Amino acid sequence: MNMATESKRLWAIQEDGRWTRWAPEYRRWDLYSEPRKDIFADPTTGEACYFVNPDGSVGWRNVDRDKNETFPGIKAVKITVGGDNRLWAIQENGRWTRWAPEYRRWDLYSEFRKDIFADPTTGEACYFVNPDGSVGWRNVDRDKNETFPGIKAVKITVGGDNRLWAIQEDGRWTRWAPEYRRWDLYSEARKDIFADPTTGEACYFVNPDGSLGWRNVDRDKNETFPGIKALQISVGG
């Protein structure tokens with residue numbers, strides 16, 4: 001087994017809406033009864049996951065220690081966690097927002113986002129997909145911006161070395177080549193992706209049939225995680 005999948009814990013939402021966590025020591029999925037609309041694995045521990053409930057409320061649960069936390073004030077469709085364990089979300093109205101832990105409130109922004117993925121290196125910034133499919137990055141505290149032109153995306157994720165991956169509107173996945181400022185395109189269609197946090201070479205994914213895998217595109221290495229049909233995957237500590 002590769003080091004990435006040994007050291008990082010996988011979570012998924014199954015086709016029936018219930019969440020589950022991969023048990024690498026048994027190579028099986030541990031199933032939980034709660035339905036989730038969206039999940040984002042806690043980057044700091046393999047025990048916990050952030051989630052959006054079917055009613056749009058946002059929470060966190062450590063399944064091993066039976067600890068819970070809530071983040072009231074919005075109805076969300078998407079959540080992501082970045083540097084300093086800072087939460088970001090897309091609300092049901094399409095606008096994005098960031099959790100202010102010192103005030104226990106959500107700071108609301110006016111821009112609409114199709115997808116977001118929090119910058120793993122700082123709590124100030126977030127990568128995003130605009131409604132028109134263009135991809136960008138914004139540091140909301142320092143008013144800095146960057147664009148990643150060349151594709152129309154529906155999904156974005158950021159992994160090791162802050163390497164960007166995306167699913168295009170045609171369903172095929174792609175990876176940003178920063179040295180050339182272009183997207184390298186791959187032929188495989190993906191239902192969902194989550195970049196490997198340990199390396200810029202690899203990405204976890206959900207195939208159109210719901211099966212789960214991991215691929216290092218630079219070294220031609222692959223791994224599978226059999227046993228469920230998934231809608232979404234996330235990888236944490």
Side-chain angles (χ1 to χ4, degrees), residues 1-52 59-69 78-83 85 87 117-118 120-121 155-165 167 173 175 186 188-237:
M1 184 181 292
N2 66 76
M3 290 300 294
T5 52
E6 283 180 344
S7 61
K8 292 296 175 182
R9 200 67 177 271
L10 280 71
W11 302 70
I13 297 177
Q14 302 177 79
E15 288 183 344
D16 65 5
R18 292 180 296 170
W19 67 337
T20 178
R21 182 180 63 169
W22 179 249
E25 60 274 30
Y26 303 111
R27 287 200 57 80
R28 75 176 187 211
W29 291 94
D30 292 333
L31 308 178
Y32 304 111
S33 59
E34 301 92 350
R36 303 299 192 203
K37 184 190 296 186
D38 191 60
I39 55 171
F40 198 97
D42 190 318
T44 68
T45 174
E47 298 180 348
C49 194
Y50 296 85
F51 57 84
V52 180
W60 169 92
R61 178 164 174 75
N62 186 310
V63 297
D64 294 337
R65 301 176 187 269
D66 194 23
K67 293 182 178 180
N68 299 274
E69 188 173 355
K78 170 77 180 178
I79 194 168
T80 178
V81 185
N85 247 34
L87 279 71
F117 198 99
T121 67
K155 170 83 177 182
I156 194 167
T157 178
V158 185
D161 302 325
N162 249 33
R163 194 71 175 270
L164 279 71
W165 303 69
I167 297 176
W173 67 335
R175 183 180 62 168
Y186 304 109
E188 299 92 352
R190 304 299 191 204
K191 184 190 294 185
D192 192 43
I193 55 173
F194 199 99
D196 190 319
T198 67
T199 174
E201 297 179 351
C203 195
Y204 297 85
F205 57 83
V206 181
N207 285 311
D209 66 0
S211 60
L212 295 169
W214 169 93
R215 178 162 174 75
N216 186 310
V217 297
D218 294 337
R219 300 175 188 270
D220 194 23
K221 293 182 178 181
N222 301 274
E223 188 171 354
T224 60
F225 306 92
I228 64 169
K229 297 292 187 181
L231 299 174
Q232 182 190 358
I233 194 168
S234 185
V235 185

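These figures come from a predicted structure and were not determined experimentally.
Using a cutoff of 4.0 Å between basic side-chain nitrogens and carboxylate oxygens, D16 and R18 are scored as salt-bridged. Ion pair K8/D196 not flagged as a salt bridge, since none of the NZ, NE, NH1 or NH2 atoms sits closer than 4.0 Å to an Asp/Glu carboxylate oxygen.
Rounding to the nearest 0.5 Å gives a distance of 11.5 Å between CD of E69 and CG of N62. Taken from CG in N207 to CZ in R190, the straight-line distance is 5.0 Å, to the nearest 0.5 Å. Taken to the nearest 0.5 Å, the CD1 atom of I39 stands 11.5 Å off from the CD1 atom of I79. Between atom CD of residue E47 and atom CG of residue D64 there is a gap of 4.5 Å, rounded to the nearest 0.5 Å.
Considering every non-hydrogen atom in both I228 and Q14, the closest pair reads CG2-OE1, 3.8 Å. When all heavy atoms of A189 and P208 are compared, the closest pair comes out as O-CD, 3.4 Å. Counting all heavy atoms, side chain and backbone alike, R28 lies closest to D30 at NE-OD1, 3.0 Å. Scanning both residues, V206 and A230, for their nearest heavy atoms gives CG1-O, 3.4 Å. Heavy atoms only, all atoms of each residue included: E15 and G210 are closest at OE2-CA, 4.3 Å.
With contacts defined as side-chain heavy-atom distances shorter than 4.5 Å, the pair R21/L31 does not qualify. Counting heavy atoms from C-beta outward, V235 and P197 have side chains that approach closer than 4.5 Å. In this structure, W60 and N85 have side chains that are not in contact, with every pair of non-hydrogen atoms separated by 4.5 Å or more.
Here the side chain of D209 pairs a donor or acceptor atom with the backbone of S211 at under 3.5 angstrom. Checking side-chain atoms of T157 against main-chain N and O of A195 turns up a donor-acceptor pair under 3.5 Å. Looking only at distances, no side-chain donor or acceptor of R215 sits under 3.5 Å from a matching main-chain atom of C203.
Of the listed residues (W11, Y204, F40, W214), just one forms a ring pair (Phe, Tyr, Trp, His ring centres under 6.0 Å) with F194, and that residue is F40.
A perpendicular orientation is assigned to the rings of W19 and F51, their planes being inclined by more than 60° (bins at 30° and 60°).
In K67, the NZ atom is not crowded: 12 or fewer heavy atoms of neighbouring residues, nucleotides or ligands sit closer than 6.0 Å.
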inquiry  = side chain to side chain contact (heavy atoms under 4.5 Å, CB included) for K229 and L212? Distances and angles first, verdict last.
reply    = CA-CA 8 Å; K229 297 292 187 181; L212 295 169; over 6 Å; no

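Using a 3.5 Å distance cut-off with no hydrogens or angles, the side chains of Q232 and D192 do not pair a donor with an acceptor.
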